Amino acid sequence: MEFRQEQGDLSPVVDVEVSALSITDSPRISGENPEHVEALAAAQAELPPILVHRPTMRVIDGLHRVRAARLRGDEKIRVRFFDGDDADAFVMAVRSNIAHGLPLSLADRKRAAERIVVSHPRWSDRMVASATGIAAGTVAEIRRRVPAGAAAEPLRLGQDGRVRPINGAEGRRVAAELINENPSLSLRQIAQAAGISPETARDVRNRLRRGEDPLPKRMAGTVSLASRRNTHAERKAAVQTPARDRAAIVERLKADPALRFNETGRNLLMLLNLHTMKTADWEMMINNVPPHCAGIVAQLARDCADVWADFATRVERQIASIV
């Protein structure tokens with residue numbers, strides 16, 4: 001999940017009572033640096049806005065600034081709010097403190113990685129590494145030794161925003177079945193449905209054309225009997241993207257200059273962002289639709305779904321034409 005937020009994506013700056021803020025659950029193992037706090041307090045300049053988790057009022061980024069404000073006797077401090085859940089707020093805290101101000105120590109970053117591989121088990125090693133500022137290899141070692149860190153997760157979310165299976169053999173098997181069922185599918189369509197890269201899909205297709213097994217010899221025997229029993233509907237459900245991961249992908253797209261710096265791209269991001277709400281938020285919305293207009297709302301929802309389905313088909317067709 002890409003959690004970097006641009007200025008336009010953050011909530012407006014507001015003044016908040018310093019006494020209302022919580023400074024618990026910091027990624028800093030040894031707490032704040034007193035010398036850094038004193039230096040900020042002595043500057044007497046207006047402190048830059050801090051980042052706060054709105055649901056808990058916990059400080060995500062700016063613990064030293066809060067300490068400095070208290071030391072100076074300031075009653076209020078400038079704040080921007082983050083509205084994600086607790087797990088995402090912790091990731092934001094780590095991301096915000098590895099590149100500016102007083103960076104987290106290596107021990108802090110490793111400890112943070114231990115927590116993130118458990119709270120975000122679908123994240124790839126590179127994804128966790130990008131959030132914590134350590135090497136992907138180090139994350140892999142941490143995942144192997146942390147309880148529940150190496151728990152079976154069929155899919156992982158990569159830095160490119162794509163969800164892929166950990167078991168590459170299973171993805172190849174699914175791709176082979178899709179190609180046999182519908183040879184006209186494009187590489188992009190096969191890759192998306194099987195949760196593999198287009199290049200892997202190309203290799204599977206070429207192997208089938210040559211009459212070879214879709215799995216290289218090194219992967220032979222790695223597909224479990226249970227996975228062979230999956231139905232087509234089960235496979236489709238397995239590659240659907242959960243709400244949290246959809247939000248992560250959209251956040252990553254927001255950092256793409258090709259989308260951010262033109263009106264059409266910004267409109268697309270705005271529409272996609274509407275569909276990153278949590279399940280609980282959707283349920284609340286459903287429960288609050290007035291009965292007298294429920295039919296109209298339901299029909300509009302179906303119409304919008306049809307528009308998105310057509311949009312997806314045309315985008316895939318456009319990509320397929322250049323593959």
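For the numbers below, each heavy atom of this structure counts, side chains included, while hydrogens, waters and symmetry mates do not. Remember, predicted model here, so these are calculated numbers, not experimental data.
Note on L51 and V37: separate hydrophobic clusters, where clusters join Ile, Leu, Val, Met, Phe, Trp and Tyr whose side-chain heavy atoms are under 4.5 Å apart, directly or indirectly. In this structure, I60 is not a member of the same hydrophobic cluster as V13, with clusters built from ILVMFWY side-chain heavy atoms closer than 4.5 Å. Follow the hydrophobic side-chain contacts under 4.5 Å out from M270 and you never reach F311; the two are in separate clusters. Clustering ILVMFWY residues whenever any of their side-chain heavy atoms sit less than 4.5 angstrom apart, transitively, puts V14 in the very cluster that holds I77. In terms of hydrophobic clustering, with Ile, Leu, Val, Met, Phe, Trp and Tyr side chains grouped at heavy-atom distances under 4.5 Å, M284 and M277 are assigned to different clusters.
The backbone N or O of N273 lies less than 3.5 Å from a partner atom in the side chain of T276, making a donor-acceptor pair. The backbone N or O of S186 sits less than 3.5 Å from a side-chain atom of Q189, completing a donor-acceptor pair. Proximity of a side-chain donor or acceptor of R78 to a complementary backbone N or O of L47 within less than 3.5 Å is detected. Under a 3.5 Å cut-off, the side chain of R80 and the backbone N or O of P12 do not form any donor-acceptor pair. When atom types are taken as modelled, the side chain of N262 and the backbone of T264 share a donor-acceptor pair closer than 3.5 angstrom. Of the possible donor and acceptor atoms, none in the side chain of T138 sits under 3.5 Å from a partner among the backbone N and O of I134.
Between P27 and R111 there is no side-chain heavy-atom pair separated by less than 4.5 Å. Counting heavy atoms from C-beta on, the side chains of F81 and M57 come closer than 4.5 Å. Side-chain atoms of K254 and L259, non-hydrogen and from C-beta on, never get closer than 4.5 Å to each other. In this structure, the side chains of M92 and D61 stay at 4.5 Å or more apart for every pair of heavy atoms. Looking only at side-chain heavy atoms (C-beta outward), D25 and R115 come within less than 4.5 Å of each other. Under the 4.5 Å side-chain criterion, counting only non-hydrogen atoms from C-beta, H275 is not in contact with L272. D203 has its side chain within reach of R172: a pair of non-hydrogen atoms, C-beta onward, lies under 4.5 Å apart. With a 4.5 Å cut-off on side-chain heavy atoms, S26 and L63 count as touching.
We find that D125 and R143 are joined by a salt bridge, their nearest charged nitrogen and carboxylate oxygen being less than 4.0 Å apart. A salt bridge between D83 and K278 is absent, with no side-chain N of the basic residue lying under 4.0 Å from a carboxylate O of the acidic one.
The number of heavy atoms from other shown groups lying within 6.0 Å of CD (E75) does not exceed 12.
Atoms CZ and CZ, on R205 and R210 in that order, are 12.0 Å from each other to the nearest 0.5 Å. For the atom pair T132 OG1 and I142 CD1, the distance stands at 7.0 Å (nearest 0.5 Å). Here CG of L271 is found 6.5 Å from CG of L268. Values are rounded to the nearest 0.5 Å. Rounded to the nearest 0.5 angstrom, E212 CD and N206 CG are separated by 9.5 Å. Atom CD1 of residue I50 and atom OG of residue S96 lie 11.5 Å apart, to the nearest 0.5 angstrom. Here the CG atom belonging to D86 is positioned 10.5 Å from the OG atom belonging to S119, to the nearest 0.5 angstrom.
Across every non-hydrogen atom of L215 and R173, the tightest pair is CD2-N, 4.4 Å. Between W123 and V128, the shortest heavy-atom contact is CB-CG2, 3.9 Å. R109 and L104 get closest at one heavy-atom pair: NE-O, 3.2 Å. Annotation for I98 and S130: closest pair CD1-O, 4.0 Å, computed over non-hydrogen atoms. Contact record, A68 with L40: CB-CB, 3.7 Å, taken as the closest heavy-atom pair. Considering all non-hydrogen atoms of both residues, I29 and A107 come closest at CD1-O, 3.7 Å.
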Item checked: side chain to side chain contact (heavy atoms under 4.5 Å, CB included) between I179 and V204, worked out -> CA-CA 9 Å; I179 293 170; V204 171; 4.0 Å; yes

Margin query: Go through it in stages, so that I can follow the logic: the residues are N97 and R28, the test is side chain to side chain donor-acceptor pair (under 3.5 Å), and I'd like the CA-CA distance, side-chain angles, deciding distance and then a yes or no.
Written below: CA-CA 9 Å; N97 285 279; R28 298 184 187 277; 3.1 Å; yes

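The stretch residues 29-44 participates, sequence neighbours left out, in these salt bridge (Lys or Arg N to Asp or Glu O under 4.0 Å) pairs: E32-R67. Applying the salt bridge (Lys or Arg N to Asp or Glu O under 4.0 Å) test to residues at least two apart or on different chains, the pairs with a partner in residues 283-311 are D310-R314. Each ring pair (Phe, Tyr, Trp, His ring centres under 6.0 Å) pair with one or both residues in residues 47-75, not counting sequence neighbours, appears once here: H36-H64.
Looking at residues two or more places apart in sequence or on another chain, you find no side chain to side chain donor-acceptor pair (under 3.5 Å) involving R266. Partners of R70 by side chain to side chain donor-acceptor pair (under 3.5 Å), not counting sequence neighbours: none found.
At least one cation-pi condition fails for R54 and F82: the charged atom is not both under 6.0 angstrom from the six-membered ring centre and inside a 45 degree cone around its axis.
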Show me the donor-acceptor pairs within less than 3.5 Å that the side chains of residues 16-23 make with the rest of the protein, sequence neighbours left out.
residue : atom : partner : partner atom : Å
S22     : OG   : T24     : OG1          : 3.1

